[in-house]
S.K.: 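Pasting in a structure now, in structure tokens, and then I'll have a few things to ask.
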Amino acid sequence: MDVPGGGGGRGAPWRKMSKEELENQYSPSRWVVRRGAEEAMRTYSQIGDEATKKARATGRSLLDMPYGDGEGEKMDIYFPEEVSEALPFLVFFHGGYWQSGSKDTSAFMVSPLTAQGVAVVIVAYDIAPKGTLDKMVDQVTRSVASVQKRYPGNRGIHLCGHSAGAHLAAMMLLANWTKLGVTPNLKGLFLVSGIYDLEPVMHTSENAPLLVTLEDARRNSPQWHLEMAPAQPADPGCRILVIVGQHDSPEFHRQSREFYQALRRRSWEASFEELRDVDHFEVLWNLTQKDYVLTQIILKTIFQES
């Protein structure tokens, strides 16, 4: 069945692409503009590693806190200097095409946000091939529920994900919180350079460790769910910002814009932002900077400034 107006429809532009072009479109490192692919990946890892070491050096953190019984079901919680019972929280899910990345090198935004009074949670989940998409979605759902249970007096929980992590964050809009016995105080989502329709990825080499079937892709595609179900916002006040870098590939742009449009059609309070002159990696690693436009957008949204 085609998805009306969605990325999975028969007329979707990716369906007309050759395998080589699909591979190109869904390989973010091929679209960097200031350095080669290998240097971009190396710089990305280095900045994430240094940011995490800096955040941990402050001592205001709880590392490897369990949110489940699995070996990989851990999260790091970083606190501002002034700790209160009513902190706002930002929960971050790293990217890496569901098969790489780690919470131990992903604390990009911790220092700028904790300096302004925001607690930041960096979540680990079981990447492929150990973890399936269904398992990853379940894990991040339980991680968000765990933050709410651990800090019930929070001032609001905002979710942020980059690339594959943006997909996992978006899936939280569809979560069944009732079965977990808690409804998180979700106030916003920051979806950075994400993938929301997984079907095109099935036709690239990225699917080799994932082994995603069409049924898997649809079950775990927030775009597909929004198009097919008359879902209404669980919390109309939850603000969703869909973000893409200017130098992300055309397919990443299309995915972001179509997901934003689907959210608007379903009456979510959504906005779309293309960040100028950044690629797929710079859009995230610049969050180490307090004056970066996205850092400021996140802070203004969390504190509900106009």
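Atoms considered below: every heavy atom in the structure, side chains included; atoms not considered: hydrogens, waters and symmetry mates. Residues: numbered from 1 along the sequence shown.
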S.K.: Looking at every non-hydrogen atom in both residues, tell me the closest pair between R266 and L226 and how far apart they are.
M.R.: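 For R266 versus L226, the nearest heavy atoms are NE-O, 2.9 Å.
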S.K.: Taking the side chain as everything from C-beta on, heavy atoms only, tell me whether D277 gets closer than 4.5 Å to H247.
M.R.: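 Yes; the side chains approach each other to less than 4.5 Å.
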S.K.: According to ring-ring contact (aromatic ring centres under 6.0 Å, His included), who are the partners of Y97, at least two apart in sequence or on a separate chain?
M.R.: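 Partners of Y97 by the ring-ring contact (aromatic ring centres under 6.0 Å, His included) criterion come out as none, since no residue qualifies.
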S.K.: Once rounded to the nearest 0.5 Å, what's the spacing between atom CZ of R15 and atom CG of L22?
M.R.: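 Spacing of CZ (R15) from CG (L22) equals 10.5 Å.
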S.K.: Set out, in order, the CA-CA distance, both residues' side-chain angles and the distance that settles side-chain contact (heavy atoms from CB on, under 4.5 Å) for V137 and L168, then state yes or no.
M.R.: CA-CA 6 Å; V137 171; L168 294 172; 3.9 Å; yes
S.K.: Quick one: closest heavy-atom pair of R150 and P66, and the distance?
M.R.: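 Closest approach of R150 to P66, heavy atoms only: NH2-O, 3.5 Å.
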S.K.: Hey, does the side chain of N207 reach the backbone of V212 with a donor-acceptor pair shorter than 3.5 angstrom?
M.R.: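 Checking the backbone N and O of V212 against the side chain of N207, a donor-acceptor pair under 3.5 Å is found.
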S.K.: Could you pull out all residues at least two apart from E21 that satisfy side-chain hydrogen bond (donor to acceptor under 3.5 Å, both in side chains)?
M.R.: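 side-chain hydrogen bond (donor to acceptor under 3.5 Å, both in side chains) check on E21 returns Q25.
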S.K.: With distance as the sole test, does Q99 use its side chain to make a donor-acceptor pair with the main-chain N or O of G96 at under 3.5 Å?
M.R.: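 A pair under 3.5 Å: no.
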S.K.: Could you walk me through whether F281 and S193 pass the side-chain contact (heavy atoms from CB on, under 4.5 Å) check?
M.R.: CA-CA 9 Å; F281 305 99; S193 296; over 6 Å; no
S.K.: Under the side-chain contact (heavy atoms from CB on, under 4.5 Å) rule, what do L287 and I298 come out as? Steps first, then yes or no, please.
M.R.: CA-CA 10 Å; L287 282 175; I298 289 173; 4.0 Å; yes
S.K.: Return the minimal non-hydrogen interatomic distance between A170 and L191, and the atom names on each side.
M.R.: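 Residues A170 and L191, closest heavy atoms: N-CD2, 3.9 Å.
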S.K.: Would you call Q304 and R239 a side-chain contact if the rule is heavy atoms closer than 4.5 Å?
M.R.: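 Contact flag for Q304/R239 side chains = yes.
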S.K.: Would you check if L173 and L263 make a side-chain contact, meaning some heavy-atom pair closer than 4.5 Å?
M.R.: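 The answer is yes, as the side chains (C-beta and beyond) meet within the 4.5 Å cut-off.
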S.K.: Which donor-acceptor pairs under 3.5 Å do side chains of residues 105-117 form with protein atoms, sequence neighbours excluded?
M.R.:
from : atom 1 : to   : atom 2 : distance (Å)
S106 : OG     : S102 : O      : 2.5
T114 : OG1    : V110 : O      : 2.8
T114 : OG1    : S111 : O      : 3.4

S.K.: Quick check: do Q148 and N154 have side-chain heavy atoms less than 4.5 Å from each other?
M.R.: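 In short, these two side chains touch, coming nearer than 4.5 Å.
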S.K.: Let me check something: do L211 and L214 share a hydrophobic cluster, defined by ILVMFWY side-chain heavy atoms less than 4.5 Å apart, either directly or through other members?
M.R.: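 The answer is no; the residues belong to distinct hydrophobic clusters.
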S.K.: Rounded to the nearest 0.5 Å, what separation is found between the CG atom of L299 and the CG atom of L294?
M.R.: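 L299 atom CG to L294 atom CG measures 9.5 Å (nearest 0.5 Å).
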S.K.: Looking just at side-chain N and O atoms, do D197 and Q255 make a donor-acceptor pair shorter than 3.5 Å?
M.R.: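 Per modelled atom types, D197 and Q255 side chains form no pair under 3.5 Å.
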S.K.: Just distance, no hydrogens or angles: give the donor-acceptor pairs under 3.5 Å from side chains in residues 54-63, sequence neighbours left out.
M.R.:
from : atom 1 : to   : atom 2 : distance (Å)
R56  : NE     : Y78  : OH     : 3.2
R56  : NH2    : D76  : OD2    : 2.7
R56  : NH2    : D104 : OD1    : 2.8
T58  : OG1    : A55  : O      : 2.9
T58  : OG1    : R60  : N      : 3.3
R60  : NE     : F79  : O      : 3.3

S.K.: So does E274 get a backbone contact from the side chain of H253, meaning a donor-acceptor N/O pair under 3.5 Å?
M.R.: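 Here the side-chain-to-backbone pair does not exist.
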S.K.: Considering residues at least two apart in sequence or located in another chain, which fulfil the ring-ring contact (aromatic ring centres under 6.0 Å, His included) criterion with F259?
M.R.: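 Result, ring-ring contact (aromatic ring centres under 6.0 Å, His included) vs F259: Y196.
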S.K.: Enumerate donor-acceptor pairs with a distance under 3.5 Å from any side-chain N or O in residues 39-48 to protein atoms, sequence neighbours excluded.
M.R.:
from : atom 1 : to  : atom 2 : distance (Å)
T43  : OG1    : E39 : O      : 2.8
S45  : OG     : M41 : O      : 3.2
Q46  : NE2    : E50 : OE2    : 3.2

S.K.: Will you find, in the side chains of E199 and S221, an N or O donor that is under 3.5 Å from an N or O acceptor?
M.R.: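 The answer is no; no qualifying pair exists.
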S.K.: Can you see which heavy atom on H167 is nearest to which on N220, and at what distance?
M.R.: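 Looking at all heavy atoms of both residues, the closest pair is NE2-O, 2.5 Å.
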S.K.: Out of the candidates F303, F190, F89, only one should pair with H158 under the ring pair (Phe, Tyr, Trp, His ring centres under 6.0 Å) rule; please name it.
M.R.: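 Going through the options one by one, the only one that passes is F190.
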S.K.: Under 4.5 Å between any side-chain heavy atoms of I195 and W98, yes or no?
M.R.: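 Yes, close enough: below the 4.5 Å cut-off.
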S.K.: Going through the checks in order, is the ring-ring contact (aromatic ring centres under 6.0 Å, His included) test met by Y125 and H94?
M.R.: CA-CA 9 Å; Y125 54 90; H94 68 79; 4.5 Å; yes
S.K.: Of all residues at least two apart in sequence or in a different chain, which pass the ring-ring contact (aromatic ring centres under 6.0 Å, His included) check with Y260?
M.R.: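 Y260 satisfies ring-ring contact (aromatic ring centres under 6.0 Å, His included) with F272 only.
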S.K.: Look up atom OG1 in T204 and atom CE in M17, then write down how far apart they are to the nearest 0.5 Å.
M.R.: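 CE of M17 is found 12.5 Å from OG1 of T204.
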S.K.: Can you check side-chain contact (heavy atoms from CB on, under 4.5 Å) on V140 and L159, steps first, answer last?
M.R.: CA-CA 10 Å; V140 299; L159 309 181; over 6 Å; no
S.K.: Could you list all the salt bridge (charged side-chain N to carboxylate O under 4.0 Å, His left out) pairs where at least one residue sits in residues 133-143, not counting sequence neighbours?
M.R.: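 Of all non-adjacent pairs touching residues 133-143, those that pass salt bridge (charged side-chain N to carboxylate O under 4.0 Å, His left out) are E73-R142, D126-K135, D134-R219, D138-R142.
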S.K.: Please tell me if the side chains of T141 and M172 come closer than 4.5 Å, counting only heavy atoms from C-beta onward.
M.R.: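 Answer yes - side chains close enough.
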S.K.: Where is the tightest heavy-atom contact between N286 and T295, given as atom of each residue plus distance?
M.R.: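 Result for this residue pair: O-OG1, 4.1 Å.
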S.K.: With F92, which residues qualify under ring-ring contact (aromatic ring centres under 6.0 Å, His included), at least two apart?
M.R.: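 For F92, no residue satisfies ring-ring contact (aromatic ring centres under 6.0 Å, His included) once neighbours in sequence are set aside.
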S.K.: Between E23 (side chain only) and S205 (backbone N and O only), is there a donor and an acceptor less than 3.5 Å apart?
M.R.: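 Answer holds: yes.
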S.K.: Less than 4.5 Å apart, side chain to side chain, heavy atoms only: is that true for T132 and D216?
M.R.: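 A side-chain contact under 4.5 Å is absent here.
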S.K.: What's the shortest heavy-atom distance between P80 and V118, and which atoms?
M.R.: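 The answer is CD-O, 3.9 Å.
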S.K.: How would you list, by chain and number, every residue that makes a side-chain hydrogen bond (donor to acceptor under 3.5 Å, both in side chains) with S84, sequence neighbours excluded?
M.R.: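 side-chain hydrogen bond (donor to acceptor under 3.5 Å, both in side chains) list for S84, sorted by chain: empty.
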S.K.: For N24, is there any backbone N or O sitting under 3.5 Å from a side-chain donor or acceptor partner on W31?
M.R.: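 Yes; at least one donor-acceptor contact below 3.5 Å.
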S.K.: Report yes if some heavy atom in the side chain of Y151 is under 4.5 Å from a heavy atom in the side chain of V121; otherwise report no.
M.R.: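 Sidechains of V121 and Y151: no contact.
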S.K.: Is it the case that the side chain of Q246 and the backbone of R276 share a donor-acceptor pair, with hydrogens and angles ignored and the cut-off at 3.5 Å?
M.R.: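 Checking the backbone N and O of R276 against the side chain of Q246, no donor-acceptor pair under 3.5 Å is found.
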S.K.: Under a 3.5 Å cutoff, is there a donor and acceptor pairing between the side chains of H203 and W14?
M.R.: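 Side-chain D/A pair, H203 to W14: absent.
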S.K.: Applying the 4.5 Å side-chain criterion to the ILVMFWY set and letting contacts propagate, would V192 and V293 be lumped into a single cluster?
M.R.: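 In one cluster with V192: V293, yes.
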S.K.: Quick check for you: to the nearest 0.5 Å, what is the distance between I302 atom CD1 and R155 atom CZ?
M.R.: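 So the gap between those two atoms works out to 9.5 Å.
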S.K.: Please enumerate all residues that pass side-chain hydrogen bond (donor to acceptor under 3.5 Å, both in side chains) together with E251, with sequence neighbours excluded.
M.R.: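 Partners of E251 by the side-chain hydrogen bond (donor to acceptor under 3.5 Å, both in side chains) criterion, ordered by chain and then number, come out as Y26, R254.
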S.K.: Should the pair H280 and H162 be assigned to parallel (<30°), tilted (30 to 60°) or perpendicular (>60°) ring geometry?
M.R.: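 Answer is tilted, since the angle falls between 30° and 60°.
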S.K.: If only atom types and distance count, is the side chain of Q296 paired as donor or acceptor with the main-chain N or O of K290 below 3.5 Å?
M.R.: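 Checked: pair present.
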S.K.: Nearest 0.5 Å, what's the SG-CD1 distance between C160 and I243?
M.R.: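 Reported to 0.5 Å precision, the distance equals 6.5 Å.
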S.K.: Quick one: side-chain hydrogen bond (donor to acceptor under 3.5 Å, both in side chains) partners of S143, sequence neighbours excluded?
M.R.: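 For S143 there are no side-chain hydrogen bond (donor to acceptor under 3.5 Å, both in side chains) partners, ignoring immediate neighbours.
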